[in-house]
Amino acid sequence: MKNILYHYAIILAAFSFFGCLGGQRASSVNIQEQAVRVPEKIKIPDVPAMMTSPEDVGRYLALHYWDNFDFTDTLYVEVPEITEQAFVDYLAIVGMNPPQTARESVAGVIDRAASTPQVFHYFTRLFEEYLDDYGSAMRSEELYILVLECIVASDKVDELDKLRPQARLNAAYKNRMGTTANDLVLTEANGRRLRLHDIKADFILLYFNNPDCIHCEEVTTNIKASNDMLIPLQRQGVLKILAIYPDEDLDAWHRHYEDMPSEWIRTYDKELSIRREQTYDLRAIPSLYLLDRDKTVLLKDLDQVWQIENFFAMQGY
């Protein structure tokens, strides 16, 4: 508990560093300079003194973080020095709360922002950049799904503004963590067909790749170099690595076939069903999925081998 309280104390202390933009932004009107209003810094509400448990503190901050923020002031969109840093700290707080509290908090933000289109689009862009972008250290599909659900369910959001979130939500639901992965019928170099759900192993690493992808070369190299984790697990029979080529240029696949170890199950999608039926949301290649023996999705759509290694390390392997 002390660790959690300390963490919240650090976050609250960080708020004191939010600066207010000083100075003036000049514009020429009749050859005269006019000062442009600078929005006030965002004041985070003080936590009531009677709240001492980390759970109560976290819930209060999540639900009241934006109480003093004017969602109708479009000038905040132009000062990320104020709003974006505050948004990052908000996400950190929301991520520490249980899903029900997180949903209540996000729904409130969406409803309040929806009254001003410019502010709404700014906040939804920040949600996407930080929770859905591959390069974000805060990326979290589960939290982003919650955001998308709140947007789609809100009666304050215009129907046109729900179209893209609904499409992203439908894609995010596919092979969601904790659900059974969609089955695949794949083909090996000798023409033998196999089904994903027929593969027996404690863990299966799905590695969607393309032979002409530079980042795929890095991932392949890193898997082969994982001598302290993935390779020993593979040799022990605990882990099977299923390499999947989902595209149509088989000449390229055959040329690079030997780049992958023979111990891997090296396959391609002969019928192109993954792309055609969109059974997996392959927005980017490479893409790594980790499944358990029941084909339940444990990790989804990753692009770094260390993320897989960390999972096994946390499981005591």
For Q304, side-chain hydrogen bond (donor to acceptor under 3.5 Å, both in side chains) partners two or more places apart: none

side-chain hydrogen bond (donor to acceptor under 3.5 Å, both in side chains) partners for E271, two or more places apart: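 Per chain and number, E271 pairs via side-chain hydrogen bond (donor to acceptor under 3.5 Å, both in side chains) with no residue.
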
If you compare all heavy atoms of [X] against all heavy atoms of [Y], which two are closest, and at what distance to 0.1 Å?
X: D303; Y: P286; result: CB-O, 4.0 Å
X: S262; Y: R266; result: CA-NH2, 3.4 Å
X: A62; Y: N97; result: CB-ND2, 3.6 Å
X: Y65; Y: A86; result: OH-O, 2.7 Å
X: L184; Y: I244; result: CD1-CD1, 3.8 Å
X: Q234; Y: I241; result: OE1-CD1, 3.5 Å

Enter the distance from [X]:[atom1] to [Y]:[atom2] here, rounded to the nearest 0.5 Å.
X: L239; Y: L290; atom1: CG; atom2: CG; value: 7.0 Å
X: I231; Y: Q236; atom1: CD1; atom2: CD; value: 11.5 Å
X: C213; Y: H256; atom1: SG; atom2: NE2; value: 11.0 Å
X: L299; Y: M177; atom1: CG; atom2: CE; value: 7.0 Å
X: D301; Y: L282; atom1: CG; atom2: CG; value: 7.5 Å

Do the side chains of [X] and [Y] join up, straight or via other hydrophobic residues, at under 4.5 Å, putting them in one cluster?
X: L131; Y: L169; result: yes
X: I145; Y: L143; result: yes
X: V79; Y: F120; result: yes
X: I274; Y: I285; result: yes
X: V88; Y: V94; result: yes

Tell me if a side-chain donor or acceptor on [X] pairs with a main-chain N or O of [Y] at a distance below 3.5 Å.
X: T220; Y: C216; answer: yes
X: N222; Y: E218; answer: yes
X: S115; Y: R112; answer: yes
X: S136; Y: D133; answer: no
X: T116; Y: Q118; answer: no
X: T267; Y: A243; answer: yes

Residue set satisfying salt bridge (charged side-chain N to carboxylate O under 4.0 Å, His left out) with E309, at least two apart, ordered chain then number -> none

Within a reach of under 6.0 Å around CG of D228, are more than 12 heavy atoms found that belong to other residues, nucleotides or ligands?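 No - once you tally the heavy atoms of other residues, nucleotides and ligands closer than 6.0 Å, there are 12 at most.
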
R276, CZ: over 12 other non-hydrogen atoms inside 6.0 angstrom: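 Result for CZ/R276: enclosed.
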
Quick one: are [X] and [Y] in side-chain contact, heavy atoms under 4.5 Å?
X: L61; Y: I44; result: yes
X: T72; Y: V119; result: no
X: I308; Y: L205; result: yes
X: Y134; Y: R283; result: yes
X: Y60; Y: D46; result: no
X: W264; Y: L242; result: no
X: T179; Y: K174; result: no
X: W66; Y: V109; result: yes

With sequence neighbours excluded, residues passing side-chain contact (heavy atoms from CB on, under 4.5 Å) with [X]:
X: D251; value: D249, R255
X: E248; value: L272
X: R125; value: Y122, E129
X: E277; value: S273, T279

Would you be so kind as to tabulate the donor-acceptor pairs closer than 3.5 Å made by side chains of residues 189-204, with sequence neighbours excluded?
unit_1, atom_1, unit_2, atom_2, d
N190, OD1, R192, N, 2.9
R192, NE, E188, OE1, 2.7
R192, NH2, E188, OE1, 2.6
R193, NE, T187, OG1, 3.1
R195, NE, D183, OD2, 3.1
R195, NH2, D183, OD2, 3.0
H197, NE2, A181, O, 2.8
D202, OD1, R293, NH2, 2.2

Go through the steps for Y90 and T83 under the test side-chain contact (heavy atoms from CB on, under 4.5 Å), then give the verdict. CA-CA 10 Å; Y90 166 72; T83 49; over 6 Å; no

Kindly determine whether I151 and D161 satisfy side-chain contact (heavy atoms from CB on, under 4.5 Å), including the steps that lead there. CA-CA 9 Å; I151 294 173; D161 286 328; 6.0 Å; no

From CA spacing to verdict: side-chain contact (heavy atoms from CB on, under 4.5 Å), V47, H64: CA-CA 9 Å; V47 178; H64 296 277; over 6 Å; no

Applying ring-ring contact (aromatic ring centres under 6.0 Å, His included), name anything that partners F127, two or more places apart in sequence or on another chain.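 With sequence neighbours excluded, F127 shows a ring-ring contact (aromatic ring centres under 6.0 Å, His included) to F87, given in chain and number order.
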
Using the ring of each side chain (for Trp, its six-membered ring), is F71 parallel, tilted or perpendicular to F123, with breaks at 30° and 60°?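 F71 and F123: tilted rings.
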
Does any pair with a residue in residues 206-233 pass ring pair (Phe, Tyr, Trp, His ring centres under 6.0 Å), and if so which ones, sequence neighbours excluded?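 Matches after skipping sequence neighbours: F208-Y280, F208-Y289.
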
Nonpolar side-chain network containing W253, other nodes, edges under 4.5 Å: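 In the cluster with W253 are Y245, L250, Y257, Y268.
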
Could you check whether [X] pairs with [Y] (Lys NZ or Arg NE/NH1/NH2 to Asp/Glu carboxylate O, under 4.0 Å)?
X: D132; Y: R168; answer: yes
X: E104; Y: R59; answer: yes
X: D247; Y: R275; answer: yes

side-chain hydrogen bond (donor to acceptor under 3.5 Å, both in side chains) contacts in which one or both residues fall within residues 141-154, not counting sequence neighbours: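 Every side-chain hydrogen bond (donor to acceptor under 3.5 Å, both in side chains) pair that includes a residue of residues 141-154, provided the two are not neighbours, is R103-E149, D111-S154, E141-K300, E142-R176, E149-Y173.
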
Before you tell me yes or no, could you show the steps for V157 and I110 under side-chain contact (heavy atoms from CB on, under 4.5 Å), namely the whole-Å CA-CA distance, both residues' side-chain angles and the distance that decides it to 0.1 Å? CA-CA 8 Å; V157 177; I110 296 299; 3.8 Å; yes

